[in-house]
Amino acid sequence: MKTITQLIQEIEERKNRGNTLSHFISYMNSINNPHQHVTSIHIAGTNGKGSTLNYIRSILQSAGYKVGTFTSPYLTHHQDRIRIQNQDIPDDILMKYADQYYDSWIKWDLSMFEIDMAIACLWFLEEKVDIAIFETGLGGRLDFTNIIHPLVSVITNIGMDHMHILGDTYEAIAYEKAGIIKTGIDVITAENKLECLRIFQDVAKSKQANCIQISSIENIRRFPHQICFDYELLKDIWISQGAMYQTKNAALAIETCLYLRNQNKLYIEDQHIYEGISSTIWEGRYEIFCKEPLLMIDGAHNKEGIDALVESLEGISDLHILFSVLQDKQFDSMLQSLKQVSNHIMVTNFMNYRSLDMKQVADEQVVYVNNMEETIMRVWKNKKPLVITGSLYFISEVRSFLKSKDWS
């Protein structure tokens, strides 16, 4: 019998197996297709997938639904990728599925993502969730989540990320994301670039589906750690985090829930939307550990994410930034954006085989620091505002350290 630690290690060692979506479809068929019996929502996009998913989850839970979620990558530990009612899959449940299906994982040579997706579907079915929300891992068309038949498809936006896999133009990446659109199932998007919208509209039309854009977000009022805005007939919607970029993610979640309500697919009242949005906190995204001096983490892991973060950081005096990123990101452009709001940028390394050696990006304006923990403590004790951003894998390491300290 393996321990949970041994099991997770074995699963995570199976990250890249070279399997195709058709291979995973065949595997799921061999275990009686649990995903086909789970009502679902499917979310793709470059940025904002996790936040949009979390807003939808919170609204649906406020409406009394039992909600499962599947996200990636994990933030704290592997099990937080698979949740019901925002609670991680328990270790004993994970071990139970391993006891039952481990031999089939090896026989089919499943990857980590395939194993996690299969477990999520099995658990959601066993626990009789009312609805499950699945976030794509990479792209959409060939993603292992693209086995589900959802109530609605959701695409947050399109950015220049994972270009070595998805393509090096907005249109190419939009085509991959649009691959989640199914026949007769509408898609809702927050994207506004015309070249991307044309792709979504063309794919939707070919699938006898509608492409729905979010409405304009009106009357935005920003406070130190909250934002209030209006959306369609809903006035004074409060977000409990001060990130401007979350208004669009929240609006997309609201539009999705209004669509499900108007289509008589789910019962959702306005009050459920207000309660769901205002109570939502997404760990690792604009997450504040100390308000004075400011100590915050944000997983802005690509150029579009950094640009969105910078918009919310404007006006913070003497801002310090600690940054680290993966090799395949546009780190030069990301640093240029960060320089718009800070003259005190530090970079450091973290433990991941895909991480960039941040020493090579240091210059007269960017300082390399060897010890992340010591740097955070030094800046905080000097009462300087500090924002830590970059790769979600980096943010995961940082967050583990921050959670171990008292910042009051």
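These figures come from a predicted structure and were not determined experimentally. The basis for the numbers below is simple: all heavy atoms, side chains too, and nothing from hydrogens, waters or symmetry mates.
- Side-chain contact check for T348 and S324: no donor-acceptor pair (N or O, by modelled atom type) lies under 3.5 Å.
- For the residue pair E10 and Q6, no side-chain donor N or O sits within less than 3.5 Å of a side-chain acceptor on the partner.
- Within the structure, the side-chain hydrogen bond (donor to acceptor under 3.5 Å, both in side chains) test picks out the following pairs touching residues 31-46 (sequence neighbours left out): N29-N33, H42-T145.
- Applying the ring pair (Phe, Tyr, Trp, His ring centres under 6.0 Å) definition to pairs two or more places apart or across chains, those involving residues 129-160 are F24-F144, F124-F134.
- Between R261 and D270, at least one side-chain N (NZ, or NE/NH1/NH2) sits under 4.0 Å from a carboxylate O, which counts as a salt bridge.
- Heavy atoms of other residues, nucleotides or ligands lying less than 6.0 angstrom from NZ of K339 number more than 12.
- Remark: D236 pairs with R221 by the salt bridge (Lys or Arg N to Asp or Glu O under 4.0 Å) rule, at least two apart or across chains.
- A donor-acceptor pair under 3.5 Å is formed between the side chain of T389 and the backbone N or O of D298.
- The side-chain tip of K96 does not point at the ring of Y101 from less than 6.0 angstrom away and within 45° of straight on.
- For residues 311-335, every residue pair satisfying the ring pair (Phe, Tyr, Trp, His ring centres under 6.0 Å) rule, not counting sequence neighbours, is listed here: H320-H344.
- Heavy-atom neighbours of K205 NZ from other residues, nucleotides or ligands within 6.0 Å: at or below the threshold of 12.
- By the salt bridge (Lys or Arg N to Asp or Glu O under 4.0 Å) test, E304 pairs with no residue at all, sequence neighbours left out.
- Ring-centre distance between F70 and W123: not below the 6.0 Å cut-off.
- Residue N371 qualifies as enclosed at atom CG: its count of foreign heavy atoms under 6.0 Å is above 12.
- Checked by atom type, the side-chain pair Q79/D91 shows a donor-acceptor distance below 3.5 Å.
- Under the ring pair (Phe, Tyr, Trp, His ring centres under 6.0 Å) criterion, Y353 pairs with no residue, sequence neighbours left out.
- D230 places no side-chain N or O within 3.5 Å of a backbone atom of N219 that could act as its donor or acceptor partner.
- Under the 3.5 Å distance criterion, with hydrogens and angles disregarded, a donor-acceptor pair is assigned to the side chains of K182 and N146.
- The minimum heavy-atom distance between R141 and L21, with the atom names listed, is O-CD2, 3.6 Å.
- E232 and S215 are linked by a side-chain donor-acceptor pair at a separation below 3.5 angstrom, with hydrogens and angles left out of the test.
- In this structure, the side chain of D186 engages the main chain of N210 through a donor-acceptor pair within 3.5 Å.
- Taking a cutoff of 4.0 Å between a charged side-chain nitrogen and a carboxylate oxygen, R399 and E287 qualify as a salt bridge.
- A donor-acceptor pair shorter than 3.5 Å cannot be found between the side chains of N86 and Q61.
- At most 12 heavy atoms of other shown residues, nucleotides or ligands fall within 6.0 angstrom of atom NZ in K383.
- Annotation: salt bridge (Lys or Arg N to Asp or Glu O under 4.0 Å) contacts of R14 (sequence neighbours excluded): D109.
- Residues satisfying the ring pair (Phe, Tyr, Trp, His ring centres under 6.0 Å) criterion with F394, sequence neighbours excluded, are F350.
- Evaluation of the side-chain hydrogen bond (donor to acceptor under 3.5 Å, both in side chains) test over residues 189-202, restricted to residues two or more places apart or in two chains, returns E191-K193.
- Side chains of E126 and Y97: a donor-acceptor N/O pair is present below 3.5 angstrom, by distance only.
- When the salt bridge (Lys or Arg N to Asp or Glu O under 4.0 Å) test is applied to K303, the partners found at least two apart in sequence or on another chain are D307.
- Residue Y231 places its OH atom among more than 12 non-hydrogen atoms of other residues, nucleotides or ligands, all under 6.0 Å distant.
- For the atom pair CE (M95) and CD1 (I4), the distance works out to 5.5 Å, reported to the nearest 0.5 Å.
- Residue pairs that meet the ring pair (Phe, Tyr, Trp, His ring centres under 6.0 Å) test with at least one member in residues 255-288, sequence neighbours left out, do not exist here.
- Listed by chain and residue number, S22, H23 satisfy the side-chain contact (heavy atoms from CB on, under 4.5 Å) test with T20 (two or more places apart in sequence, or in another chain).
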